[in-house]
Number of protein chains: 2
Amino acid sequence: MRPYSAYDSDTCSIARTLALIGDRWTLLVLRDVANGVRRFDELASHLGIARNVLSSRLARLAQAGLVERTAYREPGERERHEYRLSGPGRELIPILLAFMDWGDRNLAGPEGPPAVIRHAGCGARIRVALTCEEGHELGERPRLRMEPGPGSKVRSSGLPNGR
Amino acid sequence: MRPYSAYDSDTCSIARTLALIGDRWTLLVLRDVANGVRRFDELASHLGIARNVLSSRLARLAQAGLVERTAYREPGERERHEYRLSGPGRELIPILLAFMDWGDRNLAGPEGPPAVIRHAGCGARIRVALTCEEGHELGERPRLRMEPGPGSKVRSSGLPNGR
DNA sequence: CAGTATCCCAAGCGATACTG
DNA sequence: CAGTATCGCTTGGGATACTG
């Protein structure tokens with residue numbers, strides 16, 4: 001069986017996702033949009049991001065289909081635009097919550113976490129968990145095994161340095 | 001009730017975590033280390049990362065306590081070093097799996113996912129899921145509510161632009 | 001093999017000015 | 001208000017050379 005490093009690093013869902021949203025600002029933009037910050041200026045002001053950068057991030061997210069840019073008009077007002085998560089965009093929420101969970105546990109001060117996520121229906125806290133499709137409980141230190149999938153790609157090691 | 005944008009953007013577990021591991025390479029380094037790639041040269045070669053950058057990332061991760069750098073010596077060999085995830089580092093695994101899950105669903109080609117994670121015990125696939133502490137099932141589009149926690153911080157809007 | 005140090009470049013970012 | 005365009009800088013990163 002091949003070692004992990006025999007497989008191409010870029011042909012990996014983590015690497016691919018990172019290439020799309022793995023820069024300094026994108027995840028924070030998505031966090032804000034997920035929390036109902038919908039207008040350009042409000043995003044810019046809350047995040048403290050440069051306007052051109054925000055513009056380019058929103059454009060990329062819209063093109064990738066993670067965010068929808070829609071026009072609307074409140075009575076008496078002129079037309080405005082707003083940004084919302086699309087379907088695939090909402091599927092990113094576990095990523096945001098996984099970051100939040102880790103930060104809460106490892107980087108929060110003694111006061112406690114800066115924010116709490118609750119189930120809107122019952123008010124209980126939401127957590128990110130790993131589940132086994134057989135239904136087994138996975139404790140704190142689950143034993144995982146990674147194996148190549150159908151889309152795996154072995155590294156073409158023709159070049160001198162194996163790249 | 002204050003809108004989300006009234007709270008400081010940096011005082012957020014997502015922002016804090018991102019400040020630590022949210023650059024172009026760190027998560028990939030962690031992915032490799034989590035998969036048993038333990039030696040410097042193997043990491044450098046597999047990732048295609050510049051050696052100085054790898055060096056600085058590993059140093060930061062070691063200092064933050066996410067990765068442990070240990071010396072060891074195989075019989076007859078000279079001393080070597082290896083990198084492994086520490087306890088807090090292993091807690092990052094849900095983040096990695098959340099990225100992987102999203103990429104599998106949204107960025108994989110028709111062949112299927114490049115890799116599969118299984119429960120070492122039973123061989124069933126592992127998924128990332130959101131759970132409610134009351135035990136409610138959370139479907140595809142769970143209704144979540146974010147509320148300020150004890151460590152929340154309202155934006156100090158003394159400056160002209162509200163920063 | 002396992003790094004560290006140096007050099008240089010380019011992407012990414014911030015500030016600002018401008019347009020609908 | 002909601003962006004786009006331009007400019008200049010800073011920093012992250014790549015290549016390479018060097019040391020234990």
Side-chain angles (χ1 to χ4, degrees), chain A residues 3 5 9-10 15 18-29 32-33 36-63 67-84 159-163, chain B residues 3 5 9-10 15 18-29 32-33 36-63 67-84 159-163:
Chain A
S5 56
S9 174
D10 297 334
L18 240 19
L20 188 58
I21 62 171
D23 74 308
R24 183 168 155 198
W25 283 113
T26 300
L27 230 34
L28 292 178
V29 171
D32 270 29
V33 173
V37 185
R38 307 225 158 87
R39 308 225 303 245
F40 188 91
D41 275 19
E42 200 182 358
L43 286 165
S45 147
H46 184 235
L47 292 167
I49 187 180
R51 302 169 68 79
N52 57 346
V53 177
L54 176 58
S55 178
S56 98
R57 290 301 168 273
L58 287 170
R60 188 205 296 171
L61 290 172
Q63 195 196 356
V67 152
E68 282 163 3
R69 181 175 185 266
T70 61
Y72 72 104
R73 181 194 302 266
E74 288 185 5
E77 303 278 330
R78 65 181 181 74
E79 188 176 89
R80 296 182 189 287
H81 293 281
E82 62 175 16
Y83 298 93
R84 288 174 181 270
L159 289 77
N161 58 359
R163 241 224 145 192
Chain B
S5 56
S9 174
D10 297 334
L18 241 18
L20 187 59
I21 62 171
D23 74 307
R24 184 168 154 198
W25 284 112
T26 300
L27 231 34
L28 293 177
V29 172
D32 270 28
V33 173
V37 185
R38 306 225 159 87
R39 308 227 302 246
F40 188 92
D41 276 18
E42 201 181 359
L43 286 165
S45 147
H46 183 235
L47 292 167
I49 186 179
R51 303 169 68 79
N52 57 345
V53 177
L54 176 59
S55 177
S56 99
R57 291 301 168 273
L58 286 171
R60 188 205 295 171
L61 290 172
Q63 195 196 356
V67 153
E68 282 163 3
R69 182 175 185 266
T70 60
Y72 72 103
R73 182 195 301 268
E74 290 185 4
E77 303 279 328
R78 66 181 181 74
E79 188 177 87
R80 296 182 189 286
H81 294 280
E82 62 175 16
Y83 299 92
R84 287 175 183 267
L159 289 77
N161 58 0
R163 245 223 142 193

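Out of C:dC13, C:dG3, D:dG3, the shortest distance to the side chain of A:Y83 is found at D:dG3. Of the candidate nucleotides C:dG14, D:dG3, D:dA2, D:dA2 has the atom lying nearest to any side-chain atom of A:D41. With distances taken from any side-chain atom of B:S55 to the nucleotides C:dG14, C:dT4, D:dC1, the minimum falls on C:dT4. Listed nucleotides: D:dG14, D:dG3, C:dC13. Nearest to the side chain of A:H81: D:dG3. Picking from D:dG3, C:dG3, D:dG13 the nucleotide with the shortest atom distance to the side chain of B:F40 gives C:dG3.
Between A:I49 and A:L43, the closest side-chain pair of non-hydrogen atoms is not below 4.5 Å.
Rounded to the nearest 0.5 Å, atoms CG (A:L47) and CZ (A:R57) are 12.0 Å apart.
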Discussion item. Apply side-chain contact (heavy atoms from CB on, under 4.5 Å) to residues B:F40 and B:L58 and explain how you reach the verdict.
Written reply: CA-CA 9 Å; B:F40 188 92; B:L58 286 171; 3.9 Å; yes

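Atom pair A:W25:CH2 and C:dC13:C1' shows a separation of 10 Å (rounding to whole Å applied). Rounded to whole Å, the distance from CZ on B:R57 to C1' on D:dT11 is 11 Å.
Using a 4.0 Å heavy-atom cutoff across all strands shown, B:R51 reaches at least one base atom of the nucleic acid.
The base of D:dG3 lies outside donor-acceptor range of the side chain of A:N52, with no N or O pair under 3.5 Å.
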